[in-house]
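Some notes on the structure that comes next.
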Amino acid sequence: MTDARVPGDDETAFIAAARSTDAAPFVLLTERYRRELQVHCYRMLANYEDAQDMTQETFLRAWHKRASFRGHAALRTWLYRIATNACLDFLDKRDDRTPVPADLPGAGSEVRYLQPYPDRMLPEDPQESVVARETIELAFIVAVQHLPPRQRAVFIVRDVLGWPASKAADALELTVASVTSALQRARVTMRGQLPGRRLDWRSPAPHELSDEERGVVKAYMDAHERNDLTGLTALLRHDLRFAMLAEPTTLIVTAKDAVDGWVSGGLFQRGHDDWRCVATTVNRMPAAALYLRTPDDPEHRLFTIAVLRIVDGKITELTGFDARDKPWLGLPATL
């Protein structure tokens with residue numbers, strides 16, 4: 001990196017750590033950036049487990065490249081550059097990390113590798129958290145996946161992190177003109193993927209759930225626990241968008257079709273009629289963890305997590321994720 005700057009305390013300490021064979025100072029200085037780097041990798045990859053892996057890869061690369069750090073850029077900037085390129089290298093090697101056309105005509109595409117992001121793993125820094133909801137909502141993460149990888153990286157470092165064009169160009173080894181062009185194309189795609197929603201992702205946005213959102217989540221859980229299909233249906237907007245991941249061919253774009261599918265799949269019938277629910281949040285969005293007890297089991301076991309987008313008191317998007325064998329969600333396995 002070639003930014004003209006005077007190294008700060010972190011940079012000076014890191015340069016000293018880089019000259020040492022003791023890894024402890026290196027770990028102490030870099031570990032504080034883990035959460036924000038993992039969120040950055042998640043925005044690039046839309047998959048929590050991949051983001052974990054690439055964050056660890058970032059630290060490994062930083063350790064091996066530590067002697068090259070001269071303090072010309074902030075340590076944080078240097079780590080973000082490594083993380084971004086680790087994600088780009090990952091995407092270059094994978095042919096299953098792009099959206100695929102939905103089987104339903106006119107429904108667009110699906111990101112079948114999408115995973116939820118547990119709020120407990122978000123950065124603790126208030127300045128990071130204040131923009132987290134707008135830039136980590138599922139709709140935003142899915143929209144970003146429709147950008148080609150390098151264009152995706154440009155969009156994230158420019159419009160999410162707020163880097164100037166020269167800094168982004170240096171980090172991505174591009175010209176300023178290339179960065180500007182890529183950003184313009186990315187913004188067009190994002191407007192197409194998120195019609196009617198704001199694109200100024202750097203503006204502060206509230207991330208606490210509203211009373212309305214909490215009320216709808218409670219009503220959604222109560223309906224499940226009472227086996228109340230009518231009550232559940234009443235919470236859905238008619239143009240509901242429903243998907244169950246990571247199963248293919250589950251994208252549905254009307255409430256009626258979603259309910260019909262749930263009924264035909266046996267919802268609230270024997271074997272799928274003994275539910276316990278826990279309110280939670282992922283991706284700074286309201287969610288309900290659904291626990292199912294089958295007839296031969298004494299315990300309710302974590303089954304799915306339903307992530308809800310709520311507008312004017314109705315559920316407009318419902319994304320279900322298989323929550324089994326995912327301890328990183330931070331949810332109890334049984335109730």
Side-chain angles (χ1 to χ4, degrees), residues 14 23-24 26-66 68-69 75-100 110-125 128 132 135-138 140-157 160-161 171-173 245-248 282-284 302 305 307 319 321-331 333:
F14 187 83
F26 170 90
V27 172
L28 184 65
L29 286 165
T30 57
E31 188 63 26
R32 70 185 68 173
Y33 298 100
R34 178 179 292 275
R35 289 195 176 193
E36 61 180 284
L37 289 171
Q38 188 163 297
V39 169
H40 177 62
C41 292
Y42 177 73
R43 290 182 182 122
M44 286 286 296
L45 305 174
N47 183 283
Y48 181 82
E49 290 165 321
D50 291 345
Q52 278 188 313
D53 291 344
M54 288 305 101
T55 303
Q56 194 58 35
E57 174 67 14
T58 296
F59 290 135
L60 289 173
R61 291 188 184 193
W63 172 253
H64 291 304
K65 295 179 179 180
R66 65 193 186 280
S68 68
F69 183 78
L75 176 58
R76 181 175 183 266
T77 300
W78 187 70
L79 290 171
Y80 267 89
R81 175 182 184 172
I82 295 173
T84 302
N85 284 289
C87 290
L88 290 172
D89 290 344
F90 173 86
L91 292 169
D92 282 343
K93 296 173 183 176
R94 298 292 293 262
D95 59 3
D96 62 343
R97 287 297 183 264
T98 56
V100 296
E110 296 179 90
V111 179
R112 292 179 183 166
Y113 51 90
L114 177 68
Q115 289 182 335
Y117 199 98
D119 282 10
R120 66 189 183 88
M121 296 305 297
L122 289 171
E124 297 174 340
D125 187 314
E128 280 292 310
T135 60
I136 204 168
E137 280 185 341
L138 290 180
F140 178 88
I141 297 299
V142 168
V144 169
Q145 300 306 297
H146 289 80
L147 302 174
R150 197 160 293 274
Q151 201 178 107
R152 188 184 312 174
V154 168
F155 177 78
I156 290 172
V157 300
V160 177
L161 300 182
L172 298 172
E173 299 180 348
L245 298 174
E247 298 177 15
V282 296
N283 295 76
R284 294 286 190 198
L302 183 58
I305 183 167
V307 186
T319 307
F321 296 93
D322 185 344
R324 295 169 291 185
D325 301 318
K326 293 180 176 59
W328 45 266
L329 284 170
L331 295 165

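For this chain, numbers begin at 1 and follow the sequence in order.
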(message) Restricting to salt bridge (charged side-chain N to carboxylate O under 4.0 Å, His left out), what partner residues turn up for Asp92, sequence neighbours left out?
(response) none

(message) Can you list everything that forms a side chain to side chain contact (heavy atoms under 4.5 Å, CB included) with Leu88? Sequence neighbours excluded, please.
(response) Met44, Thr84, Asn85, Pro149, Arg150, Ala153, Leu172

(message) Side chains of Val307 and Phe321, heavy atoms from C-beta outward: is any pair under 4.5 Å?
(response) yes

(request) Return the set of residues passing side chain to side chain donor-acceptor pair (under 3.5 Å) with Asp96 (not counting sequence neighbours), or none when no residue passes. (result) Arg94

(request) Mind checking the OG1-CG spacing from Thr98 to Leu91? Nearest 0.5 Å is all I need. (result) 9.5 Å

(request) Could you list the residues that satisfy side chain to side chain donor-acceptor pair (under 3.5 Å) with Gln151, not counting sequence neighbours? (result) none

(message) Can you list everything that forms a salt bridge (charged side-chain N to carboxylate O under 4.0 Å, His left out) with Asp53? Sequence neighbours excluded, please.
(response) none

(message) Contact between Phe59 and Val27 at the side-chain level, heavy atoms closer than 4.5 Å - yes or no?
(response) no

(message) I need the minimum non-hydrogen distance between Trp78 and Ser68, along with the two atoms involved.
(response) CZ2-OG, 4.2 Å

(request) For Arg120, enumerate each residue passing the salt bridge (charged side-chain N to carboxylate O under 4.0 Å, His left out) test, keeping only those at least two apart in sequence or located in another chain. (result) none

(request) Please examine the side chains of Arg61 and Met54, heavy atoms only from C-beta on, and report whether any two atoms are closer than 4.5 Å. (result) no

(request) Answer whether the closest heavy-atom distance between the side chains of Arg152 and Gln145 falls below 4.5 Å. (result) yes

(message) Applying salt bridge (charged side-chain N to carboxylate O under 4.0 Å, His left out), can you list everything that pairs with Asp325, at least two apart in sequence or on another chain?
(response) none

(request) Taking the side chain as every heavy atom from C-beta outward, state whether His40 and Leu161 have any atom pair closer than 4.5 Å. (result) yes

(request) Any chance you could measure Leu138, atom CG, to Asn283, atom CG, to the nearest 0.5 Å? (result) 4.5 Å

(message) Do Val282 and Tyr48 have side chains that approach each other closer than 4.5 Å (heavy atoms only, starting at C-beta)?
(response) no

(message) Going by the rule side chain to side chain contact (heavy atoms under 4.5 Å, CB included), which residues pair with Ala51 if we only count those two or more places apart in sequence or in a different chain?
(response) Gln38, Cys41, Tyr42

(request) With sequence neighbours left out, write down each residue that passes side chain to side chain contact (heavy atoms under 4.5 Å, CB included) with Asp119, or none if nothing qualifies. (result) Leu122, Thr281, Arg284

(request) Could you list the residues that satisfy side chain to side chain donor-acceptor pair (under 3.5 Å) with Gln56, not counting sequence neighbours? (result) Arg34

(request) For Tyr33, enumerate each residue passing the ring-ring contact (aromatic ring centres under 6.0 Å, His included) test, keeping only those at least two apart in sequence or located in another chain. (result) none

(request) With the side chain counted from C-beta on, respond yes when Arg97 and Asp50 share a heavy-atom pair under 4.5 Å apart, and no when they do not. (result) yes

(request) Could you tell me which residues satisfy side chain to side chain contact (heavy atoms under 4.5 Å, CB included) with Arg66, sequence neighbours excluded, listed by chain and number? (result) Phe14, Ala18, Trp63

